[in-house]
Student: 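My structure is below; once you've seen it, I'll send some questions.
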Amino acid sequence: MSLPGTLERKYPEVGKQWGWFWLFPSGYLSIDPRSNTVRRHHLHPATLQRAFRRAAKEAGITKPATVHTLRHSFATHLLEDGYDLRTVQELLGHKHINTTMVYTHVARKNILGVKSPLD
């Protein structure tokens, strides 16, 4: 499998991994004009986004939603379920904990019922 641009140089083995090969494959085969190799490329992000918006509309969801909303919901639910911030950081692939902390403002406050010893 060939990767676009410089990804193949930066991650030489990623094109052979399951996630890259099978995640959101295109429904059509195409011919690579550089090598004449028949390949199955991936869905364009806009195609996935259109399908998501259509599904949300058909489900009666009126709030604006994007595919990124799923990622945001995933992180928020993990925090609400008591997962620690470092675990969520690792699952989301964030380099810096401050990036992950953006999700903490959405999580319901004090869901575990923690009480201050001063109360």
Student: Can you give me the closest heavy-atom contact between H94 and T100, atom names plus distance?
Tutor: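 H94 and T100 have their closest heavy atoms at ND1-OG1, 2.7 Å.
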Student: Does any pair with a residue in residues 51-67 pass side-chain hydrogen bond (donor to acceptor under 3.5 Å, both in side chains), and if so which ones, sequence neighbours excluded?
Tutor: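 Every pair satisfying side-chain hydrogen bond (donor to acceptor under 3.5 Å, both in side chains) with a residue in residues 51-67: T66-T69.
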Student: Residues two or more places apart in sequence or in another chain: which of them pass side chain to side chain donor-acceptor pair (under 3.5 Å) with S30?
Tutor: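 Testing S30 for side chain to side chain donor-acceptor pair (under 3.5 Å), a comparison that skips the adjacent residues, returns H41.
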Student: List for me each residue that meets side chain to side chain donor-acceptor pair (under 3.5 Å) alongside N36, sequence neighbours excluded, and say none if there are none.
Tutor: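 Here no residue qualifies.
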Student: Can you name the residues that form a side chain to side chain contact (heavy atoms under 4.5 Å, CB included) with A59, not counting sequence neighbours?
Tutor: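 If we apply the side chain to side chain contact (heavy atoms under 4.5 Å, CB included) test to A59, skipping adjacent residues, the hits are I61.
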Student: List the atom of Q49, the atom of V67, and the distance in Å for their closest heavy-atom pair.
Tutor: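 Residues Q49 and V67, closest heavy atoms: OE1-N, 3.1 Å.
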Student: Is there side-chain contact between F74 and V88, with at least one heavy-atom pair below 4.5 Å?
Tutor: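 No; the side chains remain at least 4.5 Å from each other.
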Student: Whether the side chain of T87 engages the backbone of Y83 through a donor-acceptor N/O pair (distance < 3.5 Å, no angle test) should be reported.
Tutor: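 A pair under 3.5 Å: no.
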Student: Taking transitive links into account, so neighbours of neighbours count too, which hydrophobic residues share a cluster with V38 at under 4.5 Å side-chain distance?
Tutor: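 Reading the cluster by chain and number, V38 sits alongside L29, I31.
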Student: R86: which residues meet the side chain to side chain donor-acceptor pair (under 3.5 Å) condition with it, sequence neighbours left out?
Tutor: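 R86 satisfies side chain to side chain donor-acceptor pair (under 3.5 Å) with Q89 only.
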